[in-house]
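Right, one structure below, let's go through it.
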There are 2 protein chains.
Amino acid sequence: MDKNLKLKTAEIEKISHLEYFNIAISVDCVIFCYQDKKLQVLLIKSDLEEFSGLYSLLGDLVRPDEDLDSAPYRVLKQRTGMDDLYLEQVRTFGSIDRHVSGRVITTAYYSLIDIKHQKLSVDQNELHWHPVKEIKKLAFDHKIILDSCLQRLREQVMEFPVAFNLLPEKFSLRELQELYESILGINLDRRNFRKKIALKGWLEDLEEMENEVPHRPGKLYSLKQAYRKKKVSKKQKPVLENIFSK
Amino acid sequence: MDKNLKLKTAEIEKISHLEYFNIAISVDCVIFCYQDKKLQVLLIKSDLEEFSGLYSLLGDLVRPDEDLDSAPYRVLKQRTGMDDLYLEQVRTFGSIDRHVSGRVITTAYYSLIDIKHQKLSVDQNELHWHPVKEIKKLAFDHKIILDSCLQRLREQVMEFPVAFNLLPEKFSLRELQELYESILGINLDRRNFRKKIALKGWLEDLEEMENEVPHRPGKLYSLKQAYRKKKVSKKQKPVLENIFSK
DNA sequence: TCAAAAGTGTTGACTTTACACCCATGA
DNA sequence: TCATGGGTGTAAAGTCAACACTTTTGA
């Protein structure tokens, strides 16, 4: 590749320089939130005839003067008013015919946002939250993109303190557990869940209680400062967790 | 993205259609082999002045008429003569200035090949195998790409029967263990390693022995047929391995 | 006083790790 | 007979899964 780029166009076999550049690159964002005890995704009604009635993910073409990894931040800022979000690149999709209007290769990202965050404004009336479990079909290959992002989220959530981005600053252990259950799609044992979370050491006990709950209030916690960096620093995990022994 | 594409060029803010398409997309392949008891990578001497003396990964621009995921197969076929390889997409790199000759976004793949495979021909004299551990610097951002691919390989190898793609059809448990040690960069306990591998049930006992070894020969094994599919089928792993209990 | 959820420990099953000796072969 | 690696089992430590009762609060 790098090599061909340097070659004069005539040398690039029979395909002209212009043709080579006739591929657009976009990003698509799977924006998750947690609302009504359900994991939800932000979608927009597709305005293409081919997909009338279907929804699609939020995306945009990557600009010539922006880093690939910056594009989803721009899209999110535009669409939700928020920056400083948790974002993770998942995979790039590039089948020839994945886009009806031409050749578009897209890099998928997922993002986690707190639905109650003050800065959040999803006012544009064509944007809607949809429970992930109820989504059967999306425009383009967006259902596949959604599925890969969900799978990646599930993997991440087991290992890293990322789910907290979906919750408000303060939360109870019940809320946290329900969130995990929504993401993973399974039920968890309360005692074991609490033990495990305690063991991770991610949480700070705020010495405050829930209020306005119609039952015994639980303690409130927040994620310790040290774990809050949103810009994904190279997760240099120890490579080997618990495998073949020494 | 999808939306803008449909708009007339004038509508796409102030950036022209042509500018949007003035981004090239390439693939770069981290081709691993296992030789001299070391994990090695196939590199080519960079022909750019900026990188004189440095090596780079093998890549090429994606053709307008090929799927993104097909491009690395083409590159590998061209460079090594082999098809039907194990290939996995890792991540897409797209900083504005990552390429000296213009805007090029690249999708990284890693591949595992058996250095003794009959079809393998890396005759082009500008191609060389380099022990991964000895690589300090590469052209472009290729060192970072190599590192991500290595990390992904390490993750995969713990869970899925992929390392076998680096070995000949028949191999001994010692060879297999040494391979794992090279990939992971650590030493493994022989008894525990054998127990673990046996437990996975990946191997078929060929009831044959090594020969031409200057010591007691070991049994030969091969990967069971059922595990040999190279085209990565959707690894639908059970999502939860060993985490929070029910 | 009822309903709802908070909070809390123990046990058995399983997994992981650490570790050492005798055996078969070729030189 | 020596050097090299092949082949094998056990015990202790740690982790995981299953499970139930009492407490607190608001209605």
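Here the structure is a predicted model, which means the values were calculated and not measured. Proteins get letters first, then strands, A, B, ... in listed order; numbering begins at 1 in each.
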Problem set entry | Partner set under side-chain contact (heavy atoms from CB on, under 4.5 Å) for B/D83, not counting sequence neighbours | B/K77, B/K119
Exercise. Roughly, in whole Å, what's the span from NE2 in A/H215 to C1' in C/dG7?
Worked result: 13 Å
Exercise. Choosing from C/dA5, C/dA20, C/dT16, which nucleotide comes nearest the side chain of B/K196?
Worked result: C/dT16
Which atom pairs, one a donor and one an acceptor, fall under 3.5 Å between side chains of residues 216-227 of chain A and the rest of the protein, sequence neighbours left out?
unit_1: A/K219; atom_1: NZ; unit_2: A/D205; atom_2: OD2; d: 3.0
unit_1: A/K224; atom_1: NZ; unit_2: A/G201; atom_2: O; d: 3.0

Exercise. Counting side-chain heavy atoms from C-beta on, which of C/dA18, D/dG6, D/dC19 comes nearest to B/N192?
Worked result: C/dA18
Exercise. Where do A/E169 and A/R228 land on the salt bridge (charged side-chain N to carboxylate O under 4.0 Å, His left out) test, with the steps shown first?
Worked result: CA-CA 11 Å; A/E169 172 76 17; A/R228 295 205 198 175; 3.4 Å; yes
For this session: Please list, by residue number, the residues of residues 203-213 of chain B whose heavy atoms come closer than 4.0 Å to an atom of DNA chain D; answer none if no residue qualifies.
Result: none
Exercise. Any idea how B/H128 and B/H130 line up, ring-wise: parallel (<30°), tilted (30 to 60°), or perpendicular (>60°)?
Worked result: perpendicular
For this session: Report the distance from atom CG of A/N187 to atom P of D/dA18, rounded to the nearest whole Å.
Result: 12 Å
For this session: Take the protein atom CZ of B/F193 and the nucleotide atom P of D/dT8, then report the distance between them rounded to whole Å.
Result: 15 Å
Exercise. Rounded to the Å, how far apart are A/Q177 CD and C/dA5 P?
Worked result: 12 Å
Exercise. Is the shortest side-chain N to carboxylate O distance from B/K37 to B/E181 below 4.0 Å?
Worked result: no
For this session: Report the nucleotide, chosen from C/dT17, D/dA20, D/dT8, that has the shortest atom-to-atom distance to any side-chain atom of A/R191.
Result: D/dA20
For this session: For A/K170, look at atom NZ and say whether over 12 heavy atoms of other residues, nucleotides or ligands are found less than 6.0 Å away.
Result: no
Exercise. Taking NZ from B/K37 and P from D/dT4, how many angstroms apart are they, rounded to a whole number?
Worked result: 12 Å
Problem set entry | Ring-ring centroid check A/F164 A/Y86, cutoff 6.0 Å | no
Problem set entry | Watson-Crick or G-U stems involving DNA chain C, each at least 3 pairs long, distances under 3.5 Å, ordered by first number | C:1-27 with D:1-27
For this session: Could you point out which residue of A/L85, A/L68, A/V90, A/I31 forms a side-chain contact (heavy atoms from CB on, under 4.5 Å) with A/Y109?
Result: A/L68
Exercise. Quick one: does B/R216 reach the base of D/dT4 with a side-chain donor-acceptor pair under 3.5 Å?
Worked result: no
Exercise. Could you state the CG-C1' distance from A/L188 to D/dC19, rounded to the nearest angstrom?
Worked result: 15 Å
Exercise. Can you find an N or O donor on one side and an acceptor on the other, under 3.5 Å apart, linking the side chain of B/R190 with the base of D/dG6?
Worked result: yes
Exercise. Taking atom CD1 of B/I113 and atom CE of B/M82, what is their separation to the nearest 0.5 Å?
Worked result: 5.5 Å
For this session: Indicate whether OP1 or OP2 belonging to C/dA6 is found under 4.0 Å from a side-chain N or O atom of A/K219.
Result: no
Exercise. B/R174 side chain N/O closer than 4.0 Å to the phosphate oxygens (OP1, OP2) of D/dG6?
Worked result: yes
Exercise. OP1 or OP2 of C/dG7 sitting under 4.0 Å from any side-chain N/O of A/R194?
Worked result: yes
For this session: Whole angstrom is fine here: how far is it from CG in A/L220 over to C1' in C/dA6?
Result: 13 Å
Seminar exercise, completed: Regarding the side chain of A/D189, the nearest nucleotide among D/dC19, D/dT8, C/dA24 is D/dC19
Problem set entry | Residues A/T92, A/T107; criterion side-chain hydrogen bond (donor to acceptor under 3.5 Å, both in side chains); working and verdict | CA-CA 4 Å; A/T92 298; A/T107 301; 3.1 Å; yes
Exercise. What residues, two or more places apart in sequence or in another chain, satisfy side-chain hydrogen bond (donor to acceptor under 3.5 Å, both in side chains) together with A/K195?
Worked result: A/N192
Seminar exercise, completed: Heavy-atom nearest nucleotide on DNA chain C taken for A/Y221 and for B/P214; more 5' hit belongs to A/Y221
For this session: Answer yes or no: is there an ion pair linking B/R91 with A/D69, defined by an N-O contact shorter than 4.0 Å?
Result: yes
Would you tabulate the nitrogen or oxygen pairs shorter than 3.5 Å linking the protein to nucleotides 11-14 of chain C?
none

